[in-house]
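Before any comments, here is the structure.
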There are 2 protein chains.
Amino acid sequence: MSTAEETAGGEGSAWGEVTPDAARRLLIAAVEAFAERGYHATTTRDIAGRAGMSPAALYIHYKTKEELLHRISRIGHEKALEILRTAAAREGTATERLADAVSSFVRWHAGGRTTARVVQYELDSLGPEARAEIIGLRRQVDAEVRGIIEDGVASGEFDVPDVKGTTLAVLSLCIDVARWFNVNGSRTPDEVGELYADLVLRMVGAK
Amino acid sequence: MSTAEETAGGEGSAWGEVTPDAARRLLIAAVEAFAERGYHATTTRDIAGRAGMSPAALYIHYKTKEELLHRISRIGHEKALEILRTAAAREGTATERLADAVSSFVRWHAGGRTTARVVQYELDSLGPEARAEIIGLRRQVDAEVRGIIEDGVASGEFDVPDVKGTTLAVLSLCIDVARWFNVNGSRTPDEVGELYADLVLRMVGAK
DNA sequence: GGCTGCTCTAAGCGACCGCTCACCGTCGGC
DNA sequence: GCCGACGGTGAGCGGTCGCTTAGAGCAGCC
């Protein structure tokens, strides 16, 4: 048996903003459980148990089970957006910025696979209002990547006939890492990030 | 309200092998429900209701709810494998065969998104033995694509430093189409297939 | 020491789950 | 005309779900 911290906090995934301590422990336990079994197959008793508390304790810190998923999803998307924004805003050519964005985005999906799985694949389990908010964040994610690709096309670095479609494909490729990446597999998050940065530069026809 | 046939049978997705008629109707209803809500969030009452039958009728044709998912998953994977085998075995250069494989595989994921979603994303809901069988089919899928890429490398058509990793990425890209493709969106399955074939040829450095 | 407020637990409510069972209508074979 | 086989139903069982409630333990403040 592993504690909640070992798996979900493994890469220092900054749940530090969640207070008090008991609320954070519950949230980390929920991330683990949702990633392993999916939102609907996870019981509130399981979440509370992983956090070392009674089932009722969950409802002191969260109104419903869905609020837990909402909080996880928002914090995760904000983190993902921050990663892309940092890469997009740095100095360098579009080629360098795109490679940086893809490799760090992929590293996050591979290294924090537990969190990324919940963030990327449990969106449909949210209610309409919560889902709408998250979709807004995803549009911003899309805009960051599209911006870099457009810069590369404008500077003549890239050859991309379909910018919207290629942006979609690049993000899709990165996101799907959370589905297949295996912590016990033969590749490290760094290696996958490097491979994917190379593949994406080929996709955009970087010189 | 739409009938089960309209959505899940839309692309003539050949559930014809499932008999008798009532068993097929239940299976198509299950594909719809699993794709919309996920396996765990779908109730047997919902499946039976969509098929126009009472909850108990399901258990005349299937032993458990999981058996439904297993049958759907196996038939779907066999269909996907058949599509790739056809493309891999045709005459032509590795470039032509890879483009054909990707475009037809993507067309299947986009056009039959309902089925593809269940096939690709509900694998973890299967029990150990059923999952092991499906994983065997997936390894064959992987082998088909890797075979084409290896052919291209051997003939000098492709420039691929990491065949295993690139194979994984190509399949990942295609599979993820089932997650984001929207029937009401601006692209047809054919258009996405063509775009993706082009992107994949770039990824393998096709001349 | 008494009081308030916060965190947590034990117990359990009402609803709904997957699945079963006793029974029924229909239909081909004799 | 009777019969068994087959495919179907209504009712409901045992269990588990998300969530609530009454109250215990324990701070800090006067």
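As the structure is a computational prediction, the values presented were derived from the model and not from experiment. In what follows, chains carry the letters A, B, and so on, assigned in the order in which the sequence lines appear, proteins first and then strands, with residues in each chain numbered from 1.
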### Task
Scan Thr43(B) against the nucleic acid and name what it touches under 4.0 Å (heavy atoms): base, sugar-phosphate only, or nothing.
sugar-phosphate
### Message
Quick check against the 3.5 Å criterion: does Arg107(A) have a side-chain atom that pairs as donor or acceptor with the backbone of Gly193(A)?
### Response
no
### Query
When you measure from the side chain of Glu194(A) to the backbone N and O of Glu191(A), does any donor-acceptor pair fall under 3.5 Å?
no
### Query
Quick one: do Asp124(A) and Arg117(B) make a salt bridge, cutoff under 4.0 Å?
yes
### Query
Is any side-chain nitrogen or oxygen of Tyr59(A) closer than 4.0 Å to OP1 or OP2 of dC19(D)?
yes
### Task
Return the value, rounded to whole Å, for the distance between atom CZ of Arg37(A) and atom P of dC17(D).
10 Å
### Message
Using the side-chain heavy atoms of Pro55(A), tell me which of these nucleotides is nearest: dG8(D), dC19(D), dC8(C).
### Response
dC19(D)
### Message
Rounding to an integer number of Å, can you tell me how far Glu67(B) CD sits from dG18(C) C1'?
### Response
14 Å
### Summary
Of dC19(D), dT9(C), dT9(D), the nucleotide closest to the side chain of Ser54(A) is dT9(C)
### Message
If you only use heavy atoms from C-beta on, which nucleotide in dC19(C), dT20(D), dC19(D) is closest to the side chain of Arg45(A)?
### Response
dC19(D)
### Task
Take the angle between the ring planes of Phe105(B) and Trp108(B) and call it parallel below 30°, perpendicular above 60°, tilted in between.
parallel
### Task
Would you mind telling me which of dT9(C), dT7(C), dG18(D) lies closest to the side-chain atoms of Pro20(A)?
dT7(C)
### Query
Which nucleotide in the set dC8(C), dC21(C), dC19(C) lies at the smallest distance from any side-chain heavy atom of Lys65(B)?
dC19(C)
### Below 4.0 Å: OP1/OP2 of dC6(D) and any side-chain N or O of His61(B)
no
